Amino acid sequence: MPVRPRKSLGQNFLIDKNILRKIIASCGLTPSDVVLEIGAGRGELTRLVAGKVRKVYALEIDRSLCGILEKNLSDNTNIEIINQDILKFNLEKYLDEAKAKVIGNIPYYISSPILEHLIKFRKRIDTIFLTVQKEFAKRIVAKEDSRDYGSFSCFIQYYTLSESLFFIKNTCFVPPPKVDSCFLRLKVREEPAVRVADEKAFFRIIRSAFNKRRKTLRNSLNGVLPRHKLDAFFEKYGVDANARPERLSLQDFANLANI
Ligand code: SAM
């Protein structure tokens, strides 16, 4: 009996065969790859991925969908279905050999926590491929001087090389979500994008700057750094103290944190 999609779990199933093919082609999968799929749903993507790689760990939080996955994918011996919440999933327990590829058409309401969780396990990950809400994708790949650029763009771009590969119309899903989507590729960097002496301070400065993004840099960073350090930064790097925080690139924030 078909299972009714649960809105509370972000269950919008991707049914467009062209998009499924395009996703598979974009992931560059090889027979030695190990893949973690987040939110396997009814297993359409899982089956295609499994045909290309050595092993798929298919994570699904919904127990009733896990039953369907077991049934639908029983002829694939390289798929392990795991009934777990990705946010509580210890990747190290499963991905202990070569670095894995992570693939997921993820629930939109927990996109940020999922990415934060994956970044914690970045040493075990080669590349993350995600279908996310279009607006969220814009924030991930945004560069300085744009409206979508913010602390989350900096966080993700510090650890990954992020690209938006293609757009997916909402009608490609059942039931169709209210918003369109994008398919993202986040290649985990061997080394972070910029050198910082103290990562905690670096991210604290970035968050503080964007918390007051309408203010000038001098005002938004007031209290975060001593005045003389701020002045030294403005002078040394020729940055206008009256500019808005979105003018600063990742390298600028690193210079600011390192000063
Ligand atoms: N992969 C399928 C597809 O492309 O059609 C399903 C995608 S659907 C947008 C998201 C899936 O993630 C759902 O099957 C949902 O039950 C599952 N899910 C939701 N929250 C989850 C969580 N915290 N951990 C693991 N899976 C979750």
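It should be emphasised that the depicted structure is a prediction, and the values quoted were computed from it without experimental measurement. When a residue number appears, it is its place in the shown sequence, counting from 1.
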Between Gln11 and Pro5, is there a donor-acceptor pair closer than 3.5 Å when you use the side chain of the first and the backbone of the second?
-> no
Which pair of heavy atoms, one from Leu217 and one from Pro245, lies closest together, and at what distance?
-> CD2-CA, 3.7 Å
Which is it for Leu250 and Gln157 under the side chain to side chain contact (heavy atoms under 4.5 Å, CB included) test, yes or no, and what are the steps along the way?
-> CA-CA 8 Å; Leu250 214 49; Gln157 291 173 31; 4.3 Å; yes
Partners of Ser32 by side chain to side chain donor-acceptor pair (under 3.5 Å), sequence neighbours excluded?
-> Thr30
Consider only side-chain heavy atoms of I, L, V, M, F, W and Y, link residues closer than 4.5 Å, and tell whether Phe166 and Leu130 are in one cluster.
-> no
Please say which of Asp33, Ile79, Val34 ends up in a side chain to side chain contact (heavy atoms under 4.5 Å, CB included) with Val53.
-> Asp33
Donor-acceptor contact present, side-chain Asn258 to main-chain Ala197, <3.5 Å = yes
Hits for side chain to side chain donor-acceptor pair (under 3.5 Å) against Asn78, two or more places apart or cross-chain, chain-then-number order -> none
Quick check: does any side chain N or O of Asn219 sit under 3.5 Å from a backbone N or O of Lys215, one acting as donor and the other as acceptor?
-> no
Here the pair of heavy atoms bringing Ile103 nearest to Cys27 is CD1-SG, 3.8 Å
Please round to the nearest 0.5 Å and tell me the distance separating atom OG of Ser220 and atom CZ of Arg214.
-> 13.0 Å
Determine whether the aromatic ring centres of Phe203 and Tyr158 lie less than 6.0 Å apart.
-> yes
Using modelled atom types only, decide if a donor and an acceptor are shared between the side chain of Lys101 and the backbone of Gly28 within a distance under 3.5 Å.
-> yes
Decide yes or no for Glu92 and Arg124: does some side-chain heavy atom of the first lie under 4.5 Å from some side-chain heavy atom of the second?
-> yes
Do you reckon Phe234 sits in the same ILVMFWY cluster as Ile205, going by side-chain contacts under 4.5 Å, direct or chained?
-> yes
Close side-chain approach of Ile114 and Leu118, heavy atoms under 4.5 Å | yes
Would one find more than 12 heavy atoms of other residues, nucleotides or ligands at under 6.0 Å from atom CZ of Arg189?
-> yes
Test log, rule side-chain hydrogen bond (donor to acceptor under 3.5 Å, both in side chains), inputs Asp148 and Ser146 = CA-CA 6 Å; Asp148 296 308; Ser146 75; 5.3 Å; no
Enter the distance from Ile82:CD1 to Gln84:CD here, rounded to the nearest 0.5 Å.
-> 7.0 Å
Just wondering, are more than 12 heavy atoms of other shown residues or ligands nearer than 6.0 Å to NZ in Lys55?
-> yes
Are Tyr94 and Phe89 close enough that their ring centres sit under 6.0 Å apart?
-> yes
Thinking salt bridges, do Lys22 and Asp16 make one under a 4.0 Å N-O criterion?
-> no
Sub-4.5 Å side-chain heavy-atom contact between Ile23 and Leu14 | yes
Between Arg218 and Asp240, is there a side-chain N and carboxylate O pair less than 4.0 Å apart?
-> no
Would you say Tyr149's side chain and Leu248's backbone share a donor-acceptor pair under 3.5 angstrom?
-> yes
Residues in salt bridge (Lys or Arg N to Asp or Glu O under 4.0 Å) with Lys187, at least two apart?
-> Asp126
Which heavy-atom pair separates Ile156 from Ser162 by the least distance, and what is that distance?
-> CG2-OG, 3.7 Å
Arg213, CZ atom: more than 12 neighbouring heavy atoms under 6.0 Å = yes
Enter the distance from Leu221:CG to Leu230:CG here, rounded to the nearest 0.5 Å.
-> 5.5 Å
Donor-acceptor pair, His117 side chain versus Ile86 backbone, under 3.5 Å?
-> yes
Qualifying ring-ring contact (aromatic ring centres under 6.0 Å, His included) pairs, either residue in residues 235-259, two or more places apart = Phe210-Phe253, Phe233-Tyr237
Only counting residues at least two apart or in another chain, list the ones meeting salt bridge (Lys or Arg N to Asp or Glu O under 4.0 Å) with Arg244.
-> none
Check the angle between the aromatic planes of Phe152 and Phe155 and answer parallel, tilted or perpendicular using the 30° and 60° thresholds.
-> tilted
Run the numbers on Asp252 and Ser249 for side-chain hydrogen bond (donor to acceptor under 3.5 Å, both in side chains), then give the verdict.
-> CA-CA 5 Å; Asp252 291 326; Ser249 66; 3.2 Å; yes
Under the side chain to side chain donor-acceptor pair (under 3.5 Å) test, which residues partner Glu246, sequence neighbours left out?
-> none
Spatial distance of atom CD (Gln133) from atom CZ (Arg139) [nearest 0.5 Å] | 9.5 Å
In one Ile/Leu/Val/Met/Phe/Trp/Tyr side-chain cluster, 4.5 Å: Val49, Phe13 = no
Donor-acceptor pair, Asn12 side chain versus Phe173 backbone, under 3.5 Å?
-> no
Least distance between heavy atoms, Ala137 atom then Leu184 atom = CB-CD2, 3.8 Å
Walk me through it: do Glu60 and Asn83 pass the test side-chain hydrogen bond (donor to acceptor under 3.5 Å, both in side chains)?
-> CA-CA 5 Å; Glu60 175 51 60; Asn83 181 204; over 6 Å; no
Group every Ile, Leu, Val, Met, Phe, Trp and Tyr by side-chain heavy-atom contacts under 4.5 Å, then state whether Ile19 and Val179 land in the same group.
-> yes
Would you sort out whether Tyr109 and Ser8 count as a side-chain hydrogen bond (donor to acceptor under 3.5 Å, both in side chains), showing the intermediate values?
-> CA-CA 9 Å; Tyr109 65 99; Ser8 63; over 6 Å; no
Does NZ or CZ of Arg185 lie under 6.0 Å from the centre of the six-membered ring of Phe129, at an angle within 45° of the ring axis?
-> no
Do Val132 and Val35 share a hydrophobic cluster, counting only Ile, Leu, Val, Met, Phe, Trp and Tyr and linking them when any side-chain heavy atoms are less than 4.5 Å apart?
-> no
Exercise: identify the closest heavy-atom pair between Thr131 and Ser181 = CG2-CB, 3.9 Å
